[in-house]
Amino acid sequence: MFLFISVFGFSSCTKDETRAFDQSPDTRINEALTQYGSALTGSAAGWNATIKTGTGGIYHFHFRFNESNRVFMYADINLETATTAKESSYRLKALQTPALIFDTYSYLHILADPDGSVNGGTNGQGLISDFEFAFDSLATDSILLTGRVNGTKLKLIKATQQDFDAWQNGQWADVLAFENINKIQNYFKRVNIGGVNYDLKVDPVARTIVFTWVDGSGNLHQFITAYNYNASGVVFDTPFDTGSQTINGFEIVSWDAGNFVLNVRVNGTPATIAGATQPLKVDVAAPQRWWQYAINNGGLYWISINGFHVNGIEDGFGIKTLPSYYYLIYWPAYNPGSNDLFAPVFINAAGNGLELLYGAAPNTPQFTADGRAVFTLAGNYGPYPSTGPAGLSRTQLLIPQGYYFIQTGPTNYDMVSASDAKAWVSWEF
Amino acid sequence: MRFIKSSLLFLFGLTALVSCKKEDPLDVENITGLGGDTWVKTPLDQWLYDTLVVPYNIATKYKWDQSELDLNKDIVPPDESKVIPVMSSVKRVWIDPYILQGGEFFFKKYCPKLFVLAGSANWNLDGSITLGTAEGGRKIVLYLLNDFKNKSMPGYTPADSAIPKQMFHVIHHEFGHILDQNIRRPVAFDEVCKGLYTADWINTNDYAARQDGFVTAYAESSPFEDFVEMISIMLIEGRSGFDDIVNSITGTSVRGTTADQAKARLRQKESLVVNYYKQAWSIDFYTLQTRVRTAIVNEIY
């Protein structure tokens, strides 16, 4: 009987004694917030920050936090963000865990902005990034955080005065000159490294580079890597092993705006990235493959939303300015055995269907032995305008040199002017 | 006996042990975030306090607080530089005209007390965007602040007028709800378009809705929304703008309403709104309309 009593006695009294922590949750969270706060504001030269967005791009920031809830930042997103420090607001808050919130618009929000026109991402989600972060860990020189909505990782490393100066002196802005590569007006951007020619294709939104080259036996090869920046140049996520050397990135020297040439250094050796008028290796069968694909797959047509890219300008003829314009089409064998159709397509007045107002009727293209398609005009459907965006597009289509075709996806082809590679149109099926 | 005694002792001991735990109330200490977020005040906070809190008790939340917005959407906070221009416009287009017509006491009593500001739009799954929402007569959320421009800002083009106009539409719409909830709209209003209200309003457009005698597609959703859409559109378009809307109706609607019937319905609803403002709130609607429209023209045209 006494045994019973003593057992009860123990079990009910122990409740009082056990506490997993010495202090209450409120005390501990207040302590944590104070600790994080003083760490953030404690670095005189600020913090170097790296974020990897949900779309895969890596971006660098420089943050300086002060004790009045203000943060000053630079970012390698574009020339402006790399040059001008922007002031905005931040606060620390106990959400489910201690959290750092960048609570008014800053450069960091550009990545998370749901408006695709701001950052090149998809409408509704942007580049899939965050500006409200939970603290994961705190060390003397580094803080790791995780975004609370999209789970992006933000890494802060204590900056030195030198790091801060690199932003202030415009070194990062100089490096962003790499983005000028897409101002080169030719479709093909070429660099010679160690005696081998490489064609480069750079997507500045996804931050990826594609290298294309031809080996000794005449076979095409490709290497794709994501890239990001550091204070002296472009850094490849995956180093490029060319066989004779390993390339970790490009050191950016200068952009020659007059000649459209980007001067770089590769492993210390100067190199130039400049336009080229022909692919390294022509895909001879591509034009016919493109033409036949539409016929074999339901007798349908190829579309292009933006029309021709001309002399460095997307939609260079302004075809999207035509009222009710929907897309530009090329319809192989529109009139089987006789002619094709090339025309802008419009939304009808009721807004519930598409209509053709006029069209050009090219002959079946002539597929040359060297891999070009040449278009000639058989006639027109309806009153095809001879001037304006539609007229200019038709004139462009009919250039006597014709076009090279570059397959960019299972149902995507770029049709590139064989005259100077400064005009092209991207067809999708 | 002995057995009973020890049982009693046991029970007693148990009770004593259990109750001995109750003694201390919880140790209340510094609870984080109790009383709301705090930060070091800036001139912007001071401006909002002086301009909207002190005179009207209206709070403006411009710093990010996900709990005030859709939790499953990607939305970003506003740029600080846009807050004063937007709230000044709101004051000129909504607060000032109502105070001049209805008096300060009226306005302070009924105005919604919280504005939440967002920098981007609220993107819907169908690709459309929401530019403003409101809750319970208390809170109004304004989106797309970062794209806000009015005539006084550099680089303004007429195409920029769509965003501020939509903001003003939302505010006047929501304030209409508050008035309706305090003094109900006339019963006769609900009779005018009885039988034409539909949950399918989302699949129609303003043009088709007008052919049935509704000022916007959304007005078709219920008499409740119809009433405040009438108020809002009449105020932001002005009297001649509303006349243009009515006169633009042609043809017979899908549901068989003739243009004359549609026009008559809109005119009937217009006069019911005007009477309601007079009788319920002693406000001359047409004068209010002139003031609001003049303010909007000064903002964006």
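The basis for the numbers below is simple: all heavy atoms, side chains too, and nothing from hydrogens, waters or symmetry mates. Source: prediction; values computed, not measured. Each chain gets a letter, A, B and so on, in the order the sequences are listed, and its residues count up from 1.
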Considering only heavy atoms and a distance below 4.5 Å, find which of B/A121, B/P77, B/S67 pairs most often with chain A.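 Sorted descending by pairs with chain A, the first entry is B/P77.
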With chain B as the partner, which of A/N30, A/I128, A/I101, A/L92 has the greatest number of non-hydrogen pairs under 4.5 Å?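 The residue among A/N30, A/I128, A/I101, A/L92 with the greatest pair count is A/N30.
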Hey, which of A/R91, A/E67, A/E132 has the most heavy atom pairs under 4.5 Å with chain B?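 Max contact count across the listed options: A/R91.
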Using non-hydrogen atoms and a 4.5 Å limit, figure out which bit of [X] sits close to chain B: side chain, backbone, both or neither.
X: A/F102; answer: backbone
X: A/L33; answer: side chain
X: A/E87; answer: neither

Let me know if B/N146 has heavy atoms under 4.5 Å from chain A in its side chain, its backbone, both or neither.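 Just the side chain, heavy atoms under 4.5 Å.
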Which answer fits B/L144, side chain, backbone, both or neither, if we ask what part of it has an atom under 4.5 Å from a heavy atom of chain A?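 It is neither, since no heavy atom gets under 4.5 Å.
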Would you say that more than 12 heavy atoms from the other residues, nucleotides or ligands in this model lie under 6.0 Å from the [atom1] of [X], or not?
X: A/F346; atom1: CZ; answer: yes
X: B/L71; atom1: CG; answer: yes
X: A/K86; atom1: NZ; answer: yes
X: A/Q96; atom1: CD; answer: no
X: A/K52; atom1: NZ; answer: no
X: B/Y156; atom1: OH; answer: yes

Worked check of side-chain contact (heavy atoms from CB on, under 4.5 Å) between A/H109 and B/D79: CA-CA 10 Å; A/H109 297 82; B/D79 197 300; over 6 Å; no
B/D74 versus A/N150, side-chain donor and acceptor atoms under 3.5 Å: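 A pair is found: one side chain offers a donor N or O, the other an acceptor, under 3.5 Å apart.
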Does the side chain of A/T104 pick up a donor-acceptor pair with the side chain of B/K63 at under 3.5 Å?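 No donor-acceptor contact under 3.5 Å links the two side chains.
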For side-chain contact (heavy atoms from CB on, under 4.5 Å), just list the numbers for A/Y105 and B/E80, CA-CA rounded to whole Å, side-chain angles, deciding distance to a tenth of an Å, and then say yes or no. CA-CA 7 Å; A/Y105 204 81; B/E80 287 177 13; over 6 Å; no
Can you see which heavy atom on B/T42 is nearest to which on A/R70, and at what distance?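 Scanning both residues completely, I find the closest heavy atoms to be CG2-NH1, 3.9 Å.
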Got a second to check how far B/T38's OG1 is from A/K93's NZ, nearest 0.5 Å?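 Answer for the OG1-NZ pair, B/T38 versus A/K93, is 10.0 Å.
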One thing to verify: whether B/K61 and A/D103 come together as a salt bridge, which I'm taking to mean a side-chain N less than 4.0 angstrom from a carboxylate O.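 Here A/D103 does not pair with B/K61 in a salt bridge, since their nearest N and O are not under 4.0 Å apart.
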Side chain proximity check, B/W123 to A/P114, heavy atoms < 4.5 angstrom: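 Yes, side chains in contact.
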With the side chain counted from C-beta on, respond yes when A/D115 and B/D147 share a heavy-atom pair under 4.5 Å apart, and no when they do not.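 When only atoms from C-beta onward are counted, B/D147 and A/D115 do touch, with a gap below 4.5 Å.
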Donor-acceptor pair, distance only, cut-off 3.5 Å: does the side chain of A/N69 make one with the backbone of B/W39?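 Not confirmed, A/N69 side chain does not pair with B/W39 backbone.
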